[in-house]
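Worksheet for the structure shown next.
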Amino acid sequence: METINRLKENVEIILPQDGLEQKLEQAKNENRSLVIKLGFDPTAPDLHLGHAVVLKKMKQFQDFGHQIVILVGSFTATIGDPTGKNKSRKPLSIEEVQHNAETYISQLSKVIDVSKAKIVFNSEWLDKLSSSELIQLLSKVTVAQLMHRNDFNKRFTENTPISMHELLYPILQGFDSVKLNCDVEMGGTDQLFNCTMGRQLQETFNLSPQIVMCMPLLKGLDGKEKMSKSLNNIIGLTDEPTEMFGKTMSIPDNLILEYLDLATDFSPEEKQVVKERLSTGENPMDIKKAIAKNIISQYHSKEDADKAERFFQNQFQNKKFDEKAFTPVAIESLEAQNTALALINLCQKLKADMTKSALKRLIEGGGVQVNNDKVMDSFLDIELVAGTKIRIGKRDFYELL
RNA sequence: GGGGAGAUUCCAGAGUGGCCAAAUGGGACGGACUGUAACUCCGUUAGCGUAAGCUUUCGAAGGUUCGAAUCCUUCUCUCCCCA
């Protein structure tokens, strides 16, 4: 059936394999929609294309009329979260959680229809859980099971610390599924263990176990690690169009297919065309441009995508220095005492976030250009006249006015 | 509760009294080459000083010493083994 195929597209793991078909059938017979859960840790409040992979799948469910539930792990975040980390994350305050959750929700609207989604906070029930209830819950799970989870196992064998509370996290996440009576839990493949825990717990509560659907983890800009804020390899959903374009262009070629499948919203037919272009030897750069434009169209607009492409071509592919786009800087704002300023001091005014030592290294390493000339003398006096153009590093261009 | 090992710069990991702002590798950043790709090569990788040099940094706080990442004391944290 068409629906099934669409829903299964790109999904890496479905447990059990034919579970989705059964659930859909069951829902149809009962004349109801499925409850699809996706959990979020309100930690770093920036969503990126990696999150979007799962969110898009949620959107599909939504488009097919199912009820999606965004679960904010407000409780778990306040006790610290081990997901995908070798180190435990530090607990967040309630205020931070609240703030991050709000940021999340506004970003979620870039992919899903938030007005039709149900947004719940797990502190709603976990706060009220008594010690005896908690311990009863814990009795359903064995230590050996928990130690099967990859990162626990790894940390345990490597003798890196695992705090007790981290072990509870998957169990609490599973309990969320019990409370919400989920039909499906979505997540990245790194969530497989936690999602499976939900199945197990639902069974002990005599509920129909949820289907687990894991989406592949999108790799980050480095082409090695999964996309993650802390690895500084993300394309954020709120990134500026020009930034999205540049970042997309910088992904390694071997990621092109992955991005095509997971990050674009091309139809299967369109994807096939792109793949053929690639295999017939077309310059991968052009394929990346198409992908970049598609991504920007999703999160900004078609116009922004075109603009970003033009900007990229002019700013980085065009070798002519004078034709770049320069950020205007008023000479008065430099607060110079004289009509000239040593290059290093000028650079520091323009890039306040860099230390003087770092700038000095950059200049002496040939990373600064003044009016189309590479200047490697930090103390060369630069006349402060309108029209002076300065390039600092690869992508910062300024013009004095 | 007892015994042992350990905490080093972004990360990993050398360094056991001056030659240490601290080897090496990774990452990152710059340069050359390119398609802001990859590969390769080169350089840089605490702050301030146009320099001499100064300041902060080797888990934390004290101490010994002309001089400490290195020695001593206390503390915090981690790992291992035993009970």
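Here the structure is a predicted model, which is why all the values come from computation and not from measurement.
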Counter-base of B:rU57, judged by Watson-Crick or G-U geometry with both distances under 3.5 Å = none
Side chain of A:Phe379 - closest among B:rU50, B:rG30, B:rG35 | B:rU50
Considering all heavy atoms of both residues, which atom of A:Ala342 and which atom of A:Asp381 are nearest to each other, and what is their separation?
-> N-OD1, 3.4 Å
Answer yes or no: does a side-chain N or O of A:Arg361 lie under 4.0 Å from OP1 or OP2 of B:rA28?
-> no
Spacing of the C1' atoms in B:rU8 and B:rA69 (rounded, Å) | 7 Å
Could you let me know what B:rG49 is paired to, Watson-Crick or G-U wobble, both distances under 3.5 Å, or none if it's on its own?
-> none
For A:Phe61, the option from A:Met186, A:Gln67, A:Arg6 that meets side chain to side chain contact (heavy atoms under 4.5 Å, CB included) = A:Met186
Under 4.0 Å between any heavy atoms, over every strand shown, what does A:Pro252 touch: base, sugar-phosphate, or nothing? Just pick one.
-> sugar-phosphate
Tell me: CD of A:Glu282 to C1' of B:rG35, nearest whole Å?
-> 13 Å
Residue mapping more 5' on RNA chain B - nearest nucleotide basis, A:Met249 or A:Asp377 | A:Met249
Answer with base, sugar-phosphate or nothing: what part of the nucleic acid does A:Lys289 contact at a heavy-atom distance below 4.0 Å?
-> nothing
If B:rU78 has a Watson-Crick or G-U wobble mate with both distances under 3.5 Å, name it; if not, just say none.
-> B:rA5
Should the ring pair A:Phe397 and A:Phe326 be called parallel, tilted or perpendicular, given that the plane angle runs from 0 to 90° and is split at 30 and 60?
-> perpendicular
Check RNA chain B against residues 292-325 of chain A and give the residues with a non-hydrogen atom under 4.0 Å, in numerical order.
-> A:Phe312, A:Phe316, A:Gln317
Using the P atoms only, state how far B:rU45 lies from B:rC10, rounded to an integer number of Å.
-> 14 Å
If the C1' atom of B:rU24 is compared with that of B:rG35, how far apart are they to the nearest Å?
-> 34 Å
Give me the ring orientation class for A:Phe311 and A:Phe316: parallel if the planes are under 30° apart, tilted from 30 to 60°, perpendicular past 60°.
-> perpendicular
Using a heavy-atom cut-off of under 4.0 Å over every strand shown, decide if A:Ile251 touches base, sugar-phosphate, or nothing.
-> sugar-phosphate
Considering only heavy atoms, which members of residues 367-376 of chain A lie under 4.0 Å from some atom of RNA chain B?
-> A:Gly367, A:Lys374
Check whether any side-chain N or O of A:Ser378 sits under 4.0 Å from OP1 or OP2 of B:rU50, and answer yes or no.
-> no
On a whole-Å scale, what distance lies between the P atoms belonging to B:rG59 and B:rU70?
-> 8 Å
Heavy-atom closest pair, residues A:Gln60 and A:Leu7 = OE1-CA, 3.7 Å
How about A:Glu30: does its CD atom have over 12 heavy atoms from other parts shown lying under 6.0 Å from it?
-> yes
Confirm from the modelled atom types if A:Asp222 and B:rG27 form a donor-acceptor pair under 3.5 Å, side chain to base only.
-> no
Between B:rG35 (C1') and A:Leu221 (CG): distance, integer Å = 16 Å
Report the distance from atom CG of A:Asn283 to atom P of B:rA37, rounded to the nearest whole Å.
-> 12 Å
Would you name the heavy atoms of A:Leu260 and A:Lys271 that are closest together and state the gap between them?
-> O-CE, 3.3 Å
When A:Ile296 is tested against each of A:Glu309, A:Met244, A:Glu303 for side chain to side chain contact (heavy atoms under 4.5 Å, CB included), which residue passes?
-> A:Met244
B:rU40 - base-pair partner by Watson-Crick or wobble geometry, distances under 3.5 Å = B:rA32
Could you let me know what B:rU70 is paired to, Watson-Crick or G-U wobble, both distances under 3.5 Å, or none if it's on its own?
-> none
For B:rA60 and B:rU76, measure between their C1' atoms and round to the nearest Å.
-> 7 Å
Using the side chain to side chain contact (heavy atoms under 4.5 Å, CB included) rule, pick out the option among A:Asp183, A:Leu34, A:Asn29 that qualifies with A:Leu24.
-> A:Leu34
Rounded to the Å, how far apart are A:Leu278 CG and B:rG35 C1'?
-> 13 Å
Using a 4.0 Å heavy-atom cut-off across all strands, classify A:Gly246 as base, sugar-phosphate, or nothing.
-> base
Please give the nucleotide sitting opposite B:rA23 as a Watson-Crick or G-U wobble pair, both distances under 3.5 Å, or none.
-> none
Starting at CG of A:Leu362 and ending at P of B:rA28, how long is that distance when rounded to a whole Å?
-> 17 Å
What's the shortest heavy-atom distance between A:Ala290 and A:Phe266, and which atoms?
-> O-CZ, 3.9 Å
Could you work out the separation of B:rU57 and B:rA21 based on their P atoms and round it to a whole Å?
-> 14 Å
Spacing of A:Lys394 atom NZ relative to B:rA32 atom C1', expressed in whole Å | 11 Å
P gap between B:rU64 and B:rC11, integer Å = 32 Å
Looking at residues 333-356 of chain A, who's got a heavy atom less than 4.0 Å off RNA chain B?
-> A:Thr355, A:Lys356
Side chain to side chain donor-acceptor pair (under 3.5 Å) between A:Lys356 and A:Asn345, intermediate numbers included = CA-CA 8 Å; A:Lys356 222 167 168 181; A:Asn345 294 322; 3.1 Å; yes
Is A:Phe156 atom CZ crowded by more than 12 heavy atoms from other residues, nucleotides or ligands, each under 6.0 Å away?
-> no
Indicate the atoms forming the closest heavy-atom contact of A:Leu255 with A:Lys219, along with that distance.
-> CD2-CB, 3.9 Å
Apply side chain to side chain donor-acceptor pair (under 3.5 Å) to A:Thr189 and A:Glu12, showing your working.
-> CA-CA 7 Å; A:Thr189 48; A:Glu12 187 156 327; 4.9 Å; no
Distance between the P atoms of B:rC72 and B:rG4, in whole angstroms?
-> 15 Å
Between B:rG49 (C1') and A:Lys360 (NZ): distance, integer Å | 8 Å
For A:Met285 and B:rA37, what is the distance between atoms CE and P respectively, to the nearest whole Å?
-> 11 Å
